[in-house]
Amino acid sequence: MEIPKQYEPKEVEGRWYPEWEASQYFTPEKQTNPAAPVFTMVIPPPNVTGYLHMGHALNHTLQDVLARWRRMNGDRVLWLPGTDHAGIATQMVVTRQLAAEGVDRRDLGREKFLEKVWEWKAHSGGTIQKQMRIVGDSVDWSRERFTMDEGLSKAVLEVFVRLYDEGLIYRGEYMVNWSPGLQTAISDLETEMKPVKGNIWHIAYPVKDGAEGDSTTSRSERVDLAEAYAALNESEAKSGLLKTAQGTFIVVATTRPETMLGDTAVAFNPEDERYAELKDKKAVLPLVGREIQFIQDNLVEKDFGTGLVKVTPAHDPNDFAMGKRHGLEFIQVISKEAKITDAAPEKYRELDRYAARKAVVADLEAAGLLLKVEDYTHNVGHCQRSGQVVEPLISTQWFMKMQPLAEPALQAVLDGRTKIIPEGVSKIYCGWLENIQDWCISRQLWWGHRIPAWYTPDGEIIVARNEAEARERLVQQGKDVNTVLTPDEDVLDTWFSSALWPFSTLGWPEQTEDLKNFYPTQVLVTAQDIIFFWVARMMMMGLKFMGEVPFSTVYINALVLDPHGQKMSKTKGNVIDPLEVFDKYGTDAARFALTAASTAGLTLALQDSKLESSRNFANKIWNATRFVLMNCGEILEDQEPLEWETKLSNPTLADRWILSRLQSATSEVNSALTEYRFHEAAATLYQFFWNDFCDWYIELSKPFVTSTEISDENTAVKRRIIYILERSLCLLHPLMPFITEELWQRLPHKGETICLKDFPQAVARDEQAEREMELFTGIVSKLRNIRSTFNIAPSVKIKAQLATSDEASKAVMTAMTDQIIRLARLESLELVEAIAAQKGSVRDVLSGIEIAVPLEGLVDFDKERERLKTTVTKLSGEYEGLQKRLSNQDFVARAAAEVVAQSQARSAELEEQIAKMKVVMENL
RNA sequence: GGGCAUAUAACUCAGUGGUAGAGUGCUGCCUUCACACGGCAGAAGUCACAGGUUCAAAUCCUGUUAUGCCCACCA
């Protein structure tokens, strides 16, 4: 035949997306029913510099499953795509590229540089959009957005100005996380705490305590402070207060000795009586000579270290807070370049912070003031982007006041207006909002939304949507309209514009049709690492500016781990490229594997075995269709629509059964996807298609379908098999769009896409058919088991007898006699009233049906005894358990009547079966 | 230090208050006219540990242990 035996994804996949896109199947306008429900999702915008990684592959697959499923259900689906300008990442990429050409960004200047970035975006951007087409993302490209688009930028200005006018955005001088590598402030979220192996240095500061308080004692008279300190700490009275002949010293411990150059106090806990006497004294800062005060602050733990803390208000967040509380001097000794400033003694100036650390330690040691050095591992803030150690610095930045915005965002999740899945994640979300800190929103970058603020020569700030409005505001304040206005140089954190994404993409602040139609969205599918960065902030902004939650459900997809359950990382070298996976196994198979692995957990290890079984599944679908195409030619020519009901004039058991199975698969898929139980949808489809449809229904249809005779019966079977196949392809399409479209169009649907076909809707199941079919498959399996146990070659036909007193069972066996003969490879099948004890006959029992297979001379009695024994043991185990339960009065009295009845029925059935088996064993 | 998860077959994971399931792997048979990326038949689990609730617990509660993730200002 012309259809290959193996499915070749590469032959098929590239073909369909261009057609779908050109036909605009993915715009909500394709759905013409105005009453159809709306289903909106906005894509988490990938970085414009980005390329598709495994996380995207999973995230996009799940969104696409939902979008295609809802679309086939008749919804007006809008899945809105777009990209993020990714301030820091993009600026870094272009800066690096320019550097490779020997051009320094600063020489180029801001305007020229920005031109280069736009140029870069035009030429090198768009990678991810191409990759999204490979995955099959059914997004509406006509509505694609970029966070730096004109419309979205307008939204950013509007939000900034409104929040500023409300006092929710402010500018101020605070301690921020400074990235010396990027030369910009970064937010707390962009700072990653990582354990770093370092030291903790114990340093003595002389105390100036009146008469003998002279630390400049000459070398010869010097006391060994280190020894004294060691002695003191071996004694019971651990303390950092060292009284020696040479004078009094206090001992502080620090992980960053270089910051001592900026110390302006030493702190201890107000309740720490050991140091009460120091309250009004002064210490002399070594190497610097500055006199510094003692302060008392609850922040200091009595029991940690010596209980004395050096305070560097300009270089440590805690010390900054203490500095504010106690009105200390803020001396900046480390610069934005992470070098020592002119505020420090001359010999340290211009030294890098780590060189300065060495120098300071060396000098303290020389002065005999370094008392102890311990190894110490502590958490140090690192810049997420550059990887450099963050320097806490005091700097003037823009901040957003978060508390008033966080409150409604918290409430919306608590009262269920927005549901976060999985449940545990909503607790993380709530916890963060409850302890929210103000957000540093300004960045010292060029690429991004410029902060809409201007400064007058006397330092006044004017915030406005543009310069003209700024001048209007000047006039309103009674100032000269021609005042020189200097624009703010900074840009906004990338996440500022992303926070507006669910409504800015739909046209806000204009009241567009799209905004009215598609906001709020139904579901956001995203990854856990951006819950704070993005999800929480969208919630805040959506509630603030739209007055409604931006999405009713947030589904957090799993983190994709490598096959060994390890987090993927470049340093570990275990990063899996999704495009390689698609290439190796096929896109549909990879999508299916990802969906099947999307359980309730927060992680997902991508196993090769899962990918292989998914690939095999695609092949199974291919071959099942191949079978139909090869055998049902004349039906496929027929243009009559394939409606099951009208053709079902004389349904067989198999027909009723497969229809019932289809119904239950349909209803399970629908409810699984409604509740975001993706794996369940995948498992249901896999089992239905493979185990029910292929293993049984197709097998049962073979005598009719492969028959060359044209009869009404044969034609009816062919029609039914095509019907079930088509329904199956529709069910599978959201998960496996390419292969299903390909096969759909090979069936008589030329030019009709499967993308817009009706998703099957479940009707009632036929439980009787399912029960009867179970009986049939049970008999066939038992007979096959006997064949297998005694190694009967497939070519050898055997005889069999069945006996039962149950009328319904008899009817099934009668109707299915031919099929039992065929599937169990029998010579003949006899239905008898009772089976007589026969020598050399193998026996079995199945729910009231006795089976006998005469195997004169072929039976190995030991084997048979063993086979029967295993069966009896298994049944007896269950029977005894039930007996034990039923003899328990409490069970009979308290358990649900239904459960008791069920147990009794099962028990009786088992009793009969075991009795029969025992007779068989005795007769052996 | 706080919080959130997770512990089930060799591996990766589902699962439900009524004595356990899948995929892969494993064993045996089969190159039977859709598919060896296949078919058929099998073996395999004190459902982490210890208590408690219940007629009944792998499933609910408590504690323990182990692992993972997130948050946090211990110098």
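So that the names make sense, note that chain A is the first sequence line, chain B the second, and so on, each numbered from 1. If you're wondering where the values come from, they're calculated on a predicted model, not measured in any experiment.
The side chain of A:N791 lies closest to B:G28, out of B:A14, B:G28, B:G38. For A:N619, the listed nucleotide lying nearest its side chain is B:C35; candidates were B:G18, B:C35, B:G23. For A:T254, the side-chain atoms get nearest to B:A75 when compared with the rest of B:G39, B:A34, B:A75. The side chain of A:Y686 sits closest to B:G23 out of B:A14, B:G23, B:A75. The side chain of A:S613 approaches B:G23 more closely than any other nucleotide in the set B:G23, B:G38, B:C30.
Across all strands, A:L299 comes closer than 4.0 Å to base atoms (heavy-atom distances). Nucleic acid contact for A:T603: none, since no nucleic acid atom lies under 4.0 Å from a heavy atom of the residue. A:R615 comes within 4.0 angstrom of a base, heavy atoms only.
Using a 4.5 Å heavy-atom threshold, the side chains of A:L410 and A:E434 count as touching. Between A:L299 and A:M322 the shortest side-chain heavy-atom distance falls below 4.5 Å.
Rounded to a whole Å, the CD1 atom of A:I530 is 14 Å from the P atom of B:C71. Atom CZ in A:F304 sits about 6 Å away from atom C1' in B:A75, given to the nearest Å. Here B:A22 presents its P atom at 19 Å from CZ of A:R677, a figure rounded to the nearest Å. The distance from atom CG of A:L700 to atom P of B:A34 is 15 Å, rounded to the nearest whole Å.
Remark: the separation of the P atoms in B:C11 and B:C47 is 15 Å, to the nearest Å. For the C1' atoms, the distance linking B:A50 with B:A66 amounts to 15 Å, nearest Å. Nucleotides B:U12 and B:C74 place their C1' atoms 41 Å apart, quoted to the nearest Å. B:G17 and B:U24: their C1' atoms are spaced 31 Å apart (whole Å). Straight-line distance between the P atoms of B:G63 and B:A22: roughly 35 Å, to the nearest whole Å. Between B:U8 and B:U67, the distance separating the two C1' atoms is 16 Å to the nearest Å. Using atom P as the reference point in both B:A36 and B:G25, the two lie 16 Å apart (nearest Å).
A sub-4.0 Å separation between OP1 or OP2 of B:G38 and a side-chain N or O of A:N616 is present. The shortest distance between the side-chain N/O atoms of A:K702 and the OP1/OP2 oxygens of B:A34 is below 4.0 Å. A:K427 has a side-chain polar atom (N or O) that falls below the 4.0 Å cut-off from OP1 or OP2 of B:A5. Considering only side-chain N and O atoms, A:W696 lies nowhere under 4.0 angstrom from the phosphate OP1 or OP2 of B:C40. Dashed line: the shortest gap from a side-chain N or O of A:N785 to OP1 or OP2 of B:G42 is under 4.0 Å. One finds no side-chain N or O of A:K610 lying less than 4.0 angstrom from the OP1 or OP2 phosphate oxygen of B:C37. Phosphate proximity of B:U67 to A:K567: absent, as no side-chain N or O sits under 4.0 Å from OP1 or OP2. Phosphate contact (OP1/OP2 of B:A75, side-chain N/O of A:Y376, threshold under 4.0 Å): present. Within the structure, a side-chain polar atom (N or O) of A:T599 is placed less than 4.0 Å from OP1 or OP2 of B:A14.
In this structure, the ring of A:Y555 has its center less than 6.0 angstrom from the ring center of A:F678.
Taking the ring centre of A:Y585 as origin, the terminal cationic atom of A:R615 falls outside the region bounded by 6.0 Å and 45° from the ring axis.
Residues A:R256 and A:E391 are paired through a salt bridge, judged by an N-O separation under 4.0 Å between the basic side chain and the carboxylate.
Residues passing the side chain to side chain donor-acceptor pair (under 3.5 Å) test with A:Q902, sequence neighbours excluded: none.
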